[in-house]
Amino acid sequence: MRALVRNPMRAVLTILGIVIGIAAVVAIREIGEGSKEQISTQVASLGADVVNVWGASVNTTGVNSGKGGRASLYPEDAAAILRECKETVLMASPMVRAGGQVIVGNKNWSPGSMVGGNEDYPKIEGWTVVNGRSFTKEQVDNSARVCLIGMTIAKELFAGKDPVGQEIRIKDVVFTVIGVLGEKGADMGNDKDDTIIMPWTSIRTRLMGASREAAIMRGGASNASKPSATSTYSTSAVNFYAGSELQPYTSAPHPLRTRTVDNLIIKIKDKENAKPAMEQITQVLRREHNLQPGVLDDFEMFDRGQISSMVTSISDTMTTLLMAVAFISLVVGGVGIMNIMLVSVTERTREIGLRMAVGARPRDIMQQFLLESVLLCLVGGLLGIILGHGASSIISAQAGWPIATSYAAMALAVSVAAFIGIVFGWYPAYKASKLDPIDALHHE
């Protein structure tokens with residue numbers, strides 16, 4: 001200790017590299033762990049235990065439609081999956097999407113998403129209803145004109161008023177708001193609260209043919225001419241329901257132009273064993289679609305847990321790379337310690353000779369210089385931990401980045417500091433222990 005404090009400025013400059021290196025390791029680790037936790041939370045909100053099933057892509061004259069291009073999924077598929085995959089599947093729902101302007105009084109808004117599912121869909125997606133209630137199976141079966149709205153839409157269209165029980169208009173169809181969804185916030189650049197959820201049957205039967213229904217209702221039932229098969233069941237000249245009987249046009253929901261849905265959304269029981277669940281779902285869908293062996297699937301499947309694994313892997317890789325850079329600075333600091341210790345051995349040659357002359361053994365000399373080197377590194381490590389934790393806390397407060405205190409990183413930092421002290425202090429200590437006492441005493 002007396003040898004170290006004899007020249008405090010040299011001691012401080014000696015450990016400066018260790019201090020900076022350890023501080024960098026601790027700060028990077030804390031910020032990296034905090035970011036990973038935040039990313040994991042965001043990805044978990046997507047549903048790490050959720051599987052999406054889309055129609056397969058279609059390649060027409062060299063143009064690939066991408067996923068969902070083939071209309072091959074039916075609401076009955078969701079029922080079959082739920083019925084036959086009880087060991088691996090908790091819930092399943094058909095899913096459809098729509099778009100349109102939402103109007104309330106003299107206000108209007110274009111929601112980021114307008115989706116439909118069955119009564120389990122909000123639970124599958126992790127939505128909670130903080131005001132009002134969700135829709136029921138009976139309302140899904142009856143294509144009820146009800147909906148749930150996100151916080152963003154509630155703020156934009158109702159300005160502090162209670163939206164529950166209020167009416168909104170979408171494509172001239174009036175829906176009643178029966179619930180307000182809990183806030184989820186932004187996710188990967190998208191406002192998840194800018195959404196409307198309703199029964200999938202309501203989108204299919206009411207919004208797809210809303211324009212013609214509204215026109216007839218405005219003109220009155222007596223003025224409505226008897227519709228043709230084409231005008232009733234499709235929006236083109238193709239008769240999608242050839243041979244079906246004509247039906248009078250009423251205010252009841254439109255007959256479906258197509259029975260297919262956009263995709264299926266499935267909640268599995270164990271997100272860690274998603275692969276067996278997806279294999280079982282694949283078998284059920286192939287059987288439901290009458291696909292013979294050797295025929296390619298007419299659907300595509302995506303496990304959302306893959307997003308979590310991918311993002312976590314990227315975060316771990318970046319943290320590892322930054323840690324590697326920090327460890328390089330530790331090595332540089334270790335080289336500085338070895339250099340100063342060699343200088344110290346040269347300066348204290350007479351001291352070493354004197355100690356040997358009064359009975360010190362070579363191993364005593366080696367232990368002395370090793371202890372000095374380790375002590376320098378440990379002091380640098382402790383100062384580095386304080387500096388690194390302080391730096392990460394300041395960055396978190398100023399930039400709003402999350403941090404997670406890592407005691408494992410601190411213990412690792414101290415261990416590495418001690419290891420560096422031993423490794424880089426060994427050669428100077430060894431050199432000191434091999435000095436000849438007579439030559440050392442005569443050294444000027």
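What you see is a predicted model; the values in this text were computed from it and never measured.
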Neighbour count >12 (heavy atoms, 6.0 Å) for atom NZ, K137: no
Do S373 and I337 come close enough that some side-chain heavy atom pair is under 4.5 Å? yes
Between OH of Y121 and NZ of K267, what distance do you get to the nearest 0.5 Å? 12.5 Å
Chi angles and distances behind the side chain to side chain contact (heavy atoms under 4.5 Å, CB included) call for D141, T201: CA-CA 7 Å; D141 294 338; T201 50; over 6 Å; no
Does L181 reach the side chain of M151, with side-chain heavy atoms less than 4.5 Å apart? no
So, D298 side chain and L73 main chain: donor-acceptor pair closer than 3.5 Å or not? no
Do F175 and I196 come within less than 4.5 Å of each other through their side chains, counting heavy atoms only? no
Closest contact, heavy atoms only, G126 versus K184: O-CE, 3.6 Å
Would the distance check show the side chain of R286 and the main-chain N or O of Q292 forming a donor-acceptor pair, the cut-off being under 3.5 Å? yes
Roughly how far, to the nearest 0.5 Å, is the CG atom of N108 from the CZ atom of R169? 9.5 Å
Quick one: does N142's side chain have a donor or acceptor within less than 3.5 Å of a partner on E138's backbone? yes
Let's go through Q280 and I81 carefully: what are the C-alpha distance in whole Å and the side-chain angles of both, what is the deciding distance for side chain to side chain contact (heavy atoms under 4.5 Å, CB included) to 0.1 Å, and is it a yes or a no? CA-CA 9 Å; Q280 192 174 12; I81 291 169; over 6 Å; no
Do you know the tightest heavy-atom contact between P111 and I153? CB-CD1, 3.7 Å
What is the distance from atom CG of L354 to atom CE of M356, rounded to the nearest 0.5 Å? 11.5 Å
What closest approach, in Å, do P428 and F424 show between heavy atoms, and which atom pair accounts for it? CD-O, 3.4 Å
Any non-hydrogen side-chain atom of V261 less than 4.5 Å from a side-chain atom of Y74? no
Looking at R133 and I178, would you say the former's side chain and the latter's main chain have a donor-acceptor pair under 3.5 Å? no
Check ion pair R355-D364 (N to O, under 4.0 angstrom): no
For L148 and P122, which heavy atoms make the closest approach, and how far apart are they? CD1-CG, 4.1 Å
Are the side chain of S396 and the backbone N or O of S392 linked by a donor-acceptor pair below 3.5 Å? no
Return the NZ to CE distance between K434 and M366, rounded to the nearest 0.5 Å. 8.5 Å
Exam field: side chain N131 to backbone G179, donor-acceptor pair closer than 3.5 Å: no
So does M198 get a backbone contact from the side chain of S202, meaning a donor-acceptor N/O pair under 3.5 Å? no
If we only count heavy atoms from C-beta on, is the L342 to K431 side-chain gap below 4.5 Å? yes
Close side-chain approach of P163 to L157, heavy-atom, < 4.5 Å: no
R204 side chain to T260 backbone, donor-acceptor under 3.5 Å: yes
What distance separates F299 CZ from W54 CH2, expressed to the nearest 0.5 Å? 15.0 Å
Any chance you could lay out the side chain to side chain contact (heavy atoms under 4.5 Å, CB included) test for D49 and D270, step after step, and finish with the verdict? CA-CA 7 Å; D49 55 354; D270 185 4; over 6 Å; no
For I168 versus C147, what's the shortest heavy-atom pair and its separation? CD1-SG, 3.6 Å
Walk me through it: do I266 and I281 pass the test side chain to side chain contact (heavy atoms under 4.5 Å, CB included)? CA-CA 9 Å; I266 303 161; I281 293 168; 3.8 Å; yes
Flag side-chain contact, heavy atom, 4.5 Å: L285 against D77: yes
Taking the side chain as everything from C-beta on, heavy atoms only, tell me whether M95 gets closer than 4.5 Å to W200. no
S93 side chain to D120 backbone, donor-acceptor under 3.5 Å: no
Checking the side chain of K269 only, and the main-chain atoms of K86 only, is there a donor and an acceptor separated by less than 3.5 Å? yes
Indicate whether any N or O donor in one side chain lies under 3.5 Å from an N or O acceptor in the other, for N263 and R97. yes
Could you check whether E119 and T136, counting side-chain N and O atoms only, form a donor-acceptor pair closer than 3.5 Å? no
Distance only, no hydrogens: is a donor on one side chain within 3.5 Å (strictly under) of an acceptor on the other, for S113 and T195? yes
May I ask you to check whether H289 and D297 show a side-chain donor-acceptor distance below 3.5 Å? no
For D194 and T152, test the side chains for any donor-to-acceptor distance below 3.5 angstrom and give the result as yes or no. no
Work out which heavy atom in V19 is nearest to a heavy atom in G380; give both atom names and the distance. CG2-O, 3.5 Å
Distance, nearest 0.5 Å, that separates NZ of K171 from CD1 of I203: 9.5 Å
